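Working notes for the structure below.
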There are 2 protein chains.
Amino acid sequence: MSQASYRTIQTEVRRRIQSREWPAGQIIPSEVELAREFDCARATINRALRELAQTGLLDRRRKAGTRVSLNPTRKATLDIPIIRLEVENRGQTHRHQIIAREHLPVPDHLAARMNAPRDAQMLHLKTLHLADDQPFLFEDRWINPTTIPDILNAPLDDISANEWLVQNVPISRGDITLTAQPATENDAGTLDVPSGTALFVIERLTWIGDSAVTSVRLAYAPGYQLSTQI
Amino acid sequence: MSQASYRTIQTEVRRRIQSREWPAGQIIPSEVELAREFDCARATINRALRELAQTGLLDRRRKAGTRVSLNPTRKATLDIPIIRLEVENRGQTHRHQIIAREHLPVPDHLAARMNAPRDAQMLHLKTLHLADDQPFLFEDRWINPTTIPDILNAPLDDISANEWLVQNVPISRGDITLTAQPATENDAGTLDVPSGTALFVIERLTWIGDSAVTSVRLAYAPGYQLSTQI
DNA sequence: CAGTGGTCTAGACCACAAG
DNA sequence: TTGTGGTCTAGACCACTGG
């Protein structure tokens, strides 16, 4: 093995794990030994193994060594695209309608989660996104104008709040929750489905430092699916 | 800035992006320039920026340079744990019941997706997972004994197929789909919910090389949510 | 304590693609 | 053509932690 490339090393390591040459739970040779075997620098081995550990295939600990994961918690990466691009990537045309736009005191449960004072005034937006003029998803969003004063001047009729925020607010952190929910009366009327229909719902709460930027609930029309690979 | 660490560099780069010092879409200095500024080796800058690019914050292209992503498709990492651990991590007790276990010709639509001949015989398992003796999720799984002959000897009453497969089959690839579905009659009876209830459903198809290992549908009881962060 | 992975360096060559 | 990121090296020191 005179080939030295972190990719070829990764491939070979995967092969040895899949062939049970290195069974689950077993310690594999140290970086120094592997560097000797593959005739390459230790840094190359390190990169190969470090990346495999990031995907959950290996467990690494100083002194203890590197072992094949016993319970490989597989990690899947979800892409969170802008809604407009999500629609356009399906080859459909995106359009959005603002259904409501008002300043209201934020509901208590949101105030708590957003680390805001009770009855804080926020911008509340309800937006329907359409794909080829069919309802695609219903967006219910609260935006904290204390954190994002510019939002008050944003041209939200032309560019959806989703897109404006992604492009103008460099968030530092976000909490995401995926659930299935029965359509509320509100959902049902907006998406034009029977009340109680099973909807795929994504809720996100995003932050700049310790200041909440926006809390949003995205209710997708039936048939939506989120796909990924491991 | 005499500190040289890829982590401190990442923090500083994030700060500059969030503060708009480096606006979205703009080219940032080259690795050589940053190495000079931070007084460190180029490899250190490379690692810092490479990892940020993996998260979608930066776009890098040879010769074109590194720029702040214009439409940062945020990437969230989902952990796919073993069901037993998922339950136990909530502080609940896990138990499973095998509801059906039979060899059947696989349905046509699955045969196609699994790259198997029509009417191929597969092991079909229906399993109910319980958390503190309450229905937690209903697992409907097809296992390809051509790929996994050992499955026929597995003690599936003691250890769920989910867990046995994770620990014994080093898969190379998996397709995952997340959806919301109304409970079928079958789901409803098993999970003890009304038919039509909104259920969170994960479907997975996993592979060793080009051979399908298993196709599984996990229907979670109402109230389940999948959480992550970005 | 000592062995392992974690990180950094200074330098080098290369692959790619923008101009 | 040429500047950029992509990768590799040989060596070094360090941090952590198992025995």
Side-chain angles (χ1 to χ4, degrees), chain A residues 1-14 16-17 22-73 75 77, chain B residues 1-14 16-17 22-73 75 77:
Chain A
M1 183 69 63
S2 65
Q3 295 272 13
S5 149
Y6 81 99
R7 288 187 179 282
T8 61
I9 291 167
Q10 287 179 341
T11 302
E12 174 61 12
V13 169
R14 284 186 205 275
R16 291 187 189 181
I17 292 174
W22 289 346
Q26 189 169 98
I27 299 275
I28 74 173
S30 73
E31 292 190 351
V32 173
E33 291 173 286
L34 289 174
R36 200 161 37 229
E37 177 191 342
F38 287 98
D39 188 26
C40 67
R42 183 167 77 92
T44 304
I45 300 289
N46 180 275
R47 178 165 180 191
L49 299 188
R50 177 161 35 85
E51 290 189 359
L52 290 178
Q54 275 178 351
T55 73
L57 190 63
L58 298 174
D59 284 331
R60 318 194 78 200
R61 288 210 316 279
R62 282 163 157 125
K63 168 71 179 175
T66 299
R67 66 176 63 234
V68 181
S69 290
L70 251 187
N71 295 136
T73 291
K75 299 187 196 294
T77 303
Chain B
M1 182 70 61
S2 65
Q3 296 273 11
S5 148
Y6 82 99
R7 289 187 178 282
T8 61
I9 291 167
Q10 286 179 342
T11 303
E12 174 63 12
V13 169
R14 284 186 204 276
R16 291 186 189 182
I17 291 173
W22 289 346
Q26 190 170 99
I27 300 274
I28 74 173
S30 74
E31 291 189 353
V32 173
E33 291 173 286
L34 289 174
R36 201 160 38 227
E37 177 192 341
F38 288 97
D39 189 25
C40 69
R42 182 165 80 93
T44 304
I45 300 289
N46 180 275
R47 178 167 180 189
L49 299 188
R50 177 161 34 86
E51 289 189 359
L52 290 178
Q54 275 178 351
T55 73
L57 191 63
L58 298 174
D59 284 331
R60 319 193 76 199
R61 289 213 311 280
R62 283 168 159 118
K63 168 71 179 176
T66 299
R67 66 177 63 232
V68 181
S69 289
L70 204 45
N71 294 137
T73 291
K75 302 195 194 277
T77 302

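Values in this document were obtained by computation on a predicted structure and should not be read as measured data. In the text below, chain A, chain B and the rest are named by the order of the sequence lines, each starting its count at 1.
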*To the nearest Å, how far apart are Leu52(B) CG and dG5(D) P?*
14 Å

*Taking all atoms of both residues into account, what is the closest heavy-atom pair of Pro29(A) and Leu34(A), and its distance?*
O-CD1, 3.6 Å

*Tell me whether the OP1 or OP2 atom of dT7(D) has a side-chain N or O from Thr44(A) closer than 4.0 Å.*
no

What protein N or O atoms touch nucleotides 10-12 of chain C N or O atoms at under 3.5 angstrom, if any, and at what distances?
| from | atom 1 | to | atom 2 | distance (Å) |
| --- | --- | --- | --- | --- |
| dA12(C) | N6 | Arg42(B) | NH2 | 3.0 |

*Looking only at non-hydrogen atoms, find the nearest pair between Ala48(A) and Tyr6(A) and report the distance.*
CB-O, 3.6 Å

*Whole angstrom is fine here: how far is it from CG in Asp59(B) over to C1' in dT4(D)?*
15 Å

*Does Thr66(A) have a side-chain nitrogen or oxygen under 4.0 Å from the phosphate oxygens OP1 or OP2 of dG5(C)?*
yes

*Figure out the CD1/C1' separation between Ile27(B) and dG5(D), and round it to whole Å.*
12 Å

_Taking Glu31(A) first and then Arg50(A), would you say they form a salt bridge - that is, a charged N and a carboxylate O separated by under 4.0 Å?_
no

_Integer-rounded Å distance: dT4(C) P and Ile28(A) CD1_ = 12 Å

*For Arg60(B) and dG6(D), is the shortest distance between a side-chain N/O and OP1 or OP2 below 4.0 Å?*
yes

If you restrict it to nitrogen or oxygen atoms, what contacts under 3.5 Å exist between nucleotides 16-19 of chain C and the protein, and what is each distance?
| from | atom 1 | to | atom 2 | distance (Å) |
| --- | --- | --- | --- | --- |
| dA18(C) | OP1 | Arg61(B) | NH2 | 3.4 |

*asked:* Rounded to whole Å, please give me the gap between CD in Glu31(A) and P in dG6(C).
replied: 6 Å

*To the nearest angstrom, how far is Tyr6(A) atom OH from dC14(C) atom P?*
19 Å

*Looking only at atom types and distance, does a side-chain atom of Thr77(A) sit under 3.5 Å from a main-chain N or O of Lys75(B), one as donor and one as acceptor?*
no

_Rounded to whole Å, please give me the gap between CD1 in Ile45(A) and C1' in dT4(C)._
14 Å

*Let me know the distance between CZ of Arg67(B) and P of dG5(D), rounded to the nearest Å.*
12 Å

*asked:* Just N and O in the side chain of Asn46(B): are any of them under 4.0 Å from OP1 or OP2 of dT7(D)?
replied: no

_Phosphate OP1/OP2 of dT7(C) contacted by Ser5(B) side-chain N/O (<4.0 Å)_ = no

